[in-house]
There are 2 protein chains.
Amino acid sequence: MNTLSYGLLSLLTKNSRSGYELMQHIQPFWSAKHSQIYPLLAQLEQKGHVAFVHVAQSDKPDKKVYSITEQGKDALREWIAMPTDEPVTRDELSLKVYCIGLVDKEQARMMLAVREVYYKKKKERFNLLMDKLQQASEKPLDQLEIGDDAFGMYVLVHKATMKVDTDLIWCEWMKKKLT
Amino acid sequence: MNTLSYGLLSLLTKNSRSGYELMQHIQPFWSAKHSQIYPLLAQLEQKGHVAFVHVAQSDKPDKKVYSITEQGKDALREWIAMPTDEPVTRDELSLKVYCIGLVDKEQARMMLAVREVYYKKKKERFNLLMDKLQQASEKPLDQLEIGDDAFGMYVLVHKATMKVDTDLIWCEWMKKKLT
DNA sequence: CTCCTTTATGTCATTATTGACATATAAACA
DNA sequence: TGTTTATATGTCAATAATGACATAAAGGAG
């Protein structure tokens with residue numbers, strides 16, 4: 001069982017979802033393509049960690065909706081108790097910035113501008129996510145506690161928002177450096 | 001040529017280094033094991049992007065010191081001009097935090113405490129790095145410009161410091177949430 | 001003198017991840 | 001009516017990355 005498998009189980013603790021939906025919703029936490037997710041779901045099903053039902057849809061193609069089993073929840077709890085791997089970040093931009101002196105200021109500015117747009121779009125998405133969370137919650141989000149269903153998602157979106165804000169501040173700082 | 005290959009070339013624009021040194025110095029920007037780096041260096045050498053000399057050492061085993069060639073620099077400039085891949089972050093902790101409600105507050109606090117220690121050590125390393133950069137520089141670091149050799153490294157360490165500070169603020173915020 | 005750690009280079013099997021190929025339904029658009 | 005887009009599921013070859021195995025020199029600890 002790899003980390004992504006446990007990630008899928010984690011998502012399924014909140015909602016039953018199809019493979020396609022899981023693929024979409026796990027992106028902020030663990031980037032993965034559908035070609036990796038579908039085989040893992042089949043494995044998880046074989047092990048009894050998840051179960052699925054066919055769900056017919058009139059407006060869209062039919063889907064297989066997966067739910068976590070009690071056995072799956074046990075596996076999750078065991079995994080959480082294990083030592084946590086350190087985060088891995090791979091950003092091509094940092095490698096390019098390292099040797100930015102190879103190109104001129106104008107090209108450097110352009111490169112950073114593209115990334116800034118990416119960060120701004122990302123921030124927008126997190127803002128929308130936070131709004132959606134608030135609408136679905138009876139409590140104000142900052143009063144959520146560990147027992148509440150939305151707690152994990154809330155604190156992660158908060159973390160992601162803090163990070164993207166920091167990234168945008170760095171972009172502004174870089175713009176001044178490249179004036 | 002994959003991204004890590006270009007990353008190795010990037011490092012070599014500043015200093016000639018051995019595979020072992022490259023492996024150590026690329027970690028903050030792109031995590032990779034020596035078993036991935038040595039074969040790539042051999043490929044880069046075959047393509048004429050780098051060249052190496054054997055360097056005998058009395059206090060340590062001998063090493064192969066690689067330098068970037070003009071051809072390698074051309075390849076780097078071409079790569080910088082290409083669209084930049086989006087950053088990929090994979091953090092097992094975020095998956096565990098998502099379903100943190102499965103375990104009790106005490107276990108959650110412990111998990112976060114381990115990560116906080118990791119962030120603090122990381123911050124310490126970046127502080128030392130920044131000190132080392134300042135000592136090696138004639139100018140104050142905040143006056144470095146794109147043409148200066150240390151510029152890229154400086155702005156990246158600054159970015160990394162900002163990020164780890166944000167991570168530590170989130171840890172403090174989480175501690176309150178888990179009181 | 002032996003064991004452990006760091007430095008140093010390498011290979012190879014396995015695992016993780018991506019990208020391409022394949023198929024199909026349904027809505028929207030032209 | 002044909003085309004594109006989003007949804008939906010899947011396989012498979014190729015690439016990226018890790019972990020284990022292997023070797024060796026040199027220093028330090030005991």
Side-chain angles (χ1 to χ4, degrees), chain A residues 1-9 11 15-27 29-47 50-66 79 83 85-92 95, chain B residues 1-9 11 15-27 29-47 50-66 79 83 85-92 95:
Chain A
M1 289 265 291
N2 60 21
T3 308
L4 180 53
S5 298
Y6 288 109
L8 296 171
L9 289 181
L11 290 205
N15 304 98
S16 295
R17 292 191 188 278
S18 68
Y20 190 80
E21 288 167 340
L22 285 166
M23 184 261 294
Q24 290 178 313
H25 285 87
I26 206 164
Q27 294 307 323
F29 312 124
W30 198 277
S31 90
K33 314 288 173 188
H34 74 273
S35 53
Q36 196 181 7
I37 288 175
Y38 288 123
L40 290 181
L41 282 172
Q43 275 179 38
L44 286 169
E45 199 263 340
Q46 274 204 325
K47 283 182 187 145
V50 299
F52 71 87
V53 286
H54 284 279
V55 172
Q57 299 186 115
S58 55
D59 54 337
K60 282 178 272 188
D62 299 351
K63 59 183 177 180
K64 286 163 75 171
V65 172
Y66 289 86
W79 166 69
D85 282 345
E86 294 174 357
V88 172
T89 299
R90 291 199 174 93
D91 187 356
E92 202 179 4
L95 300 174
Chain B
M1 289 262 292
N2 60 20
T3 309
L4 180 53
S5 299
Y6 288 109
L8 296 171
L9 289 181
L11 290 205
N15 304 99
S16 294
R17 292 190 189 278
S18 68
Y20 190 80
E21 288 166 342
L22 285 167
M23 185 260 295
Q24 290 178 314
H25 286 88
I26 208 164
Q27 293 308 323
F29 312 123
W30 198 276
S31 90
K33 313 289 173 188
H34 74 274
S35 53
Q36 197 182 6
I37 289 175
Y38 288 123
L40 290 182
L41 282 172
Q43 275 178 38
L44 286 170
E45 199 264 337
Q46 274 204 324
K47 282 182 190 148
V50 300
F52 70 86
V53 285
H54 284 279
V55 171
Q57 300 186 114
S58 55
D59 55 335
K60 284 178 270 187
D62 299 350
K63 60 183 177 180
K64 286 164 75 172
V65 173
Y66 289 86
W79 167 69
D85 281 345
E86 294 174 357
V88 172
T89 300
R90 290 201 175 93
D91 187 355
E92 201 177 5
L95 300 174

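These numbers come from a predicted model, not from an experiment. A, B, ... follow the sequence lines: proteins, then strands. Residue 1 opens every chain.
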ask   = From the list dA8(C), dA16(C), dA8(D), which nucleotide is the closest neighbour of the side chain of Pro61(B)?
value = dA8(C)

Measure the distance from [atom1] on [X] to [atom2] on [N] and round it to the nearest whole Å.
{"X": "Leu4(B)", "N": "dT15(D)", "atom1": "CG", "atom2": "C1'", "value": "13 Å"}
{"X": "Met23(A)", "N": "dA6(D)", "atom1": "CE", "atom2": "C1'", "value": "10 Å"}
{"X": "Lys33(B)", "N": "dT15(C)", "atom1": "NZ", "atom2": "P", "value": "17 Å"}
{"X": "Ile37(A)", "N": "dC12(D)", "atom1": "CD1", "atom2": "C1'", "value": "17 Å"}

request  = Measure the spacing between CG of Leu4(B) and CZ of Arg90(A) and express it to the nearest 0.5 Å.
outcome  = 8.0 Å

Can you tell me if the side-chain N/O atoms of [X] get under 4.0 Å from OP1 or OP2 in [N]?
{"X": "Tyr20(A)", "N": "dT9(D)", "result": "no"}
{"X": "Lys64(B)", "N": "dG10(C)", "result": "yes"}
{"X": "Lys63(B)", "N": "dA25(D)", "result": "no"}
{"X": "Arg90(A)", "N": "dA16(D)", "result": "no"}
{"X": "Ser58(A)", "N": "dT25(C)", "result": "no"}
{"X": "Gln36(B)", "N": "dA16(D)", "result": "no"}
{"X": "Lys60(B)", "N": "dG27(D)", "result": "no"}
{"X": "Ser5(B)", "N": "dA16(D)", "result": "no"}
{"X": "Gln57(B)", "N": "dT7(C)", "result": "no"}
{"X": "Gln24(B)", "N": "dA8(C)", "result": "no"}

ask   = What is the ring orientation for Phe52(A) with Tyr66(A), classed by angle as parallel under 30°, tilted 30 to 60°, or perpendicular over 60°?
value = tilted

key: Audit row: Ile26(B), Ile37(B), side chain to side chain contact (heavy atoms under 4.5 Å, CB included) steps and yes/no   = CA-CA 10 Å; Ile26(B) 208 164; Ile37(B) 289 175; 4.3 Å; yes

query = Where the side chain of Glu92(A) meets the backbone of Pro87(B), is there a donor-acceptor pair that is under 3.5 Å apart?
reply = no

